Amino acid sequence: MDALDFEVVRVIDDNSLVDSESYQRSYRRRGAQSLTPGFYVVLWPDPASRPRYDVRAEFVGPFESDIVARAAMEGPRPVTL
């Protein structure tokens, strides 16, 4: 998998995350569901939509750390939320 295909982020509350460059960003999900705080892998179906954290992004997780999240992407593809 190419490094540009995903990003590991840390969700900190119901609508905020910290991206891989340490910037705090807002996120939105389909159906307005919030994510449990933790580390997530973000996947974008279309590279042009990167790095928007909106309904086009797929969040995989939560993971206990960014290392565990990255390791998950090296194995079989996990189920996306």
Side-chain angles (χ1 to χ4, degrees):
M1 173 174 290
D2 186 359
L4 296 178
D5 291 336
F6 70 93
E7 179 181 6
V8 175
V9 300
R10 183 172 55 95
V11 171
I12 55 177
D13 63 30
D14 289 347
N15 63 359
S16 300
L17 59 78
V18 176
D19 69 12
S20 61
E21 296 178 345
S22 300
Y23 289 102
Q24 187 169 336
R25 310 264 186 209
S26 295
Y27 75 88
R28 277 187 327 180
R29 299 216 36 237
R30 289 180 203 104
Q33 292 179 328
S34 60
L35 296 167
T36 302
F39 292 88
Y40 289 80
V41 174
V42 184
L43 306 165
W44 290 273
D46 175 11
S49 64
R50 182 189 165 104
R52 295 185 184 125
Y53 306 100
D54 60 13
V55 297
R56 292 173 282 188
E58 296 181 37
F59 291 83
V60 181
F63 297 97
E64 60 189 45
S65 71
D66 60 335
I67 294 169
V68 174
R70 287 183 192 287
M73 296 313 295
E74 294 174 3
R77 207 57 186 254
V79 175
T80 58
L81 298 175

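Nothing here was measured: the structure is a model prediction, and the numbers come from that model.
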Keeping the roles fixed (side chain from Glu7, backbone from Ser20), state whether a donor-acceptor pair exists under 3.5 Å.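 Present.
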Do you know the tightest heavy-atom contact between [X] and [Y]?
X     : Y     : answer
Pro62 : Gly38 : CB-CA, 4.3 Å
Trp44 : Ala57 : NE1-CB, 3.8 Å
Leu43 : Met73 : CD2-CE, 3.8 Å
Arg56 : Pro45 : O-CD, 2.9 Å

Is there a continuous path of hydrophobic side-chain contacts, each under 4.5 Å between heavy atoms, that joins Val68 to Phe39?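 Yes; Phe39 is reachable from Val68 via cluster members.
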Please work out whether the ring planes of Tyr40 and Phe59 are parallel, tilted or perpendicular, with thresholds of 30° and 60°.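 Perpendicular.
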With sequence neighbours left out, which residue pairs that include part of residues 13-27 fulfil the salt bridge (Lys or Arg N to Asp or Glu O under 4.0 Å) condition?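 Every salt bridge (Lys or Arg N to Asp or Glu O under 4.0 Å) pair that includes a residue of residues 13-27, provided the two are not neighbours, is Asp19-Arg25.
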Give, for atom [atom1] of [X] and atom [atom2] of [Y], the distance between the pair rounded to the nearest 0.5 Å.
X     : Y     : atom1 : atom2 : value
Leu35 : Ile12 : CG    : CD1   : 12.0 Å
Arg10 : Ser65 : CZ    : OG    : 12.0 Å
Glu58 : Phe6  : CD    : CZ    : 14.0 Å

Quick check: are there more than 12 heavy atoms from other residues, nucleotides or ligands sitting under 6.0 Å from CD1 of Ile67?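 Open.
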For Arg28, check salt bridge (Lys or Arg N to Asp or Glu O under 4.0 Å) against everything at least two apart and list the hits.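 Result, salt bridge (Lys or Arg N to Asp or Glu O under 4.0 Å) vs Arg28: none returned.
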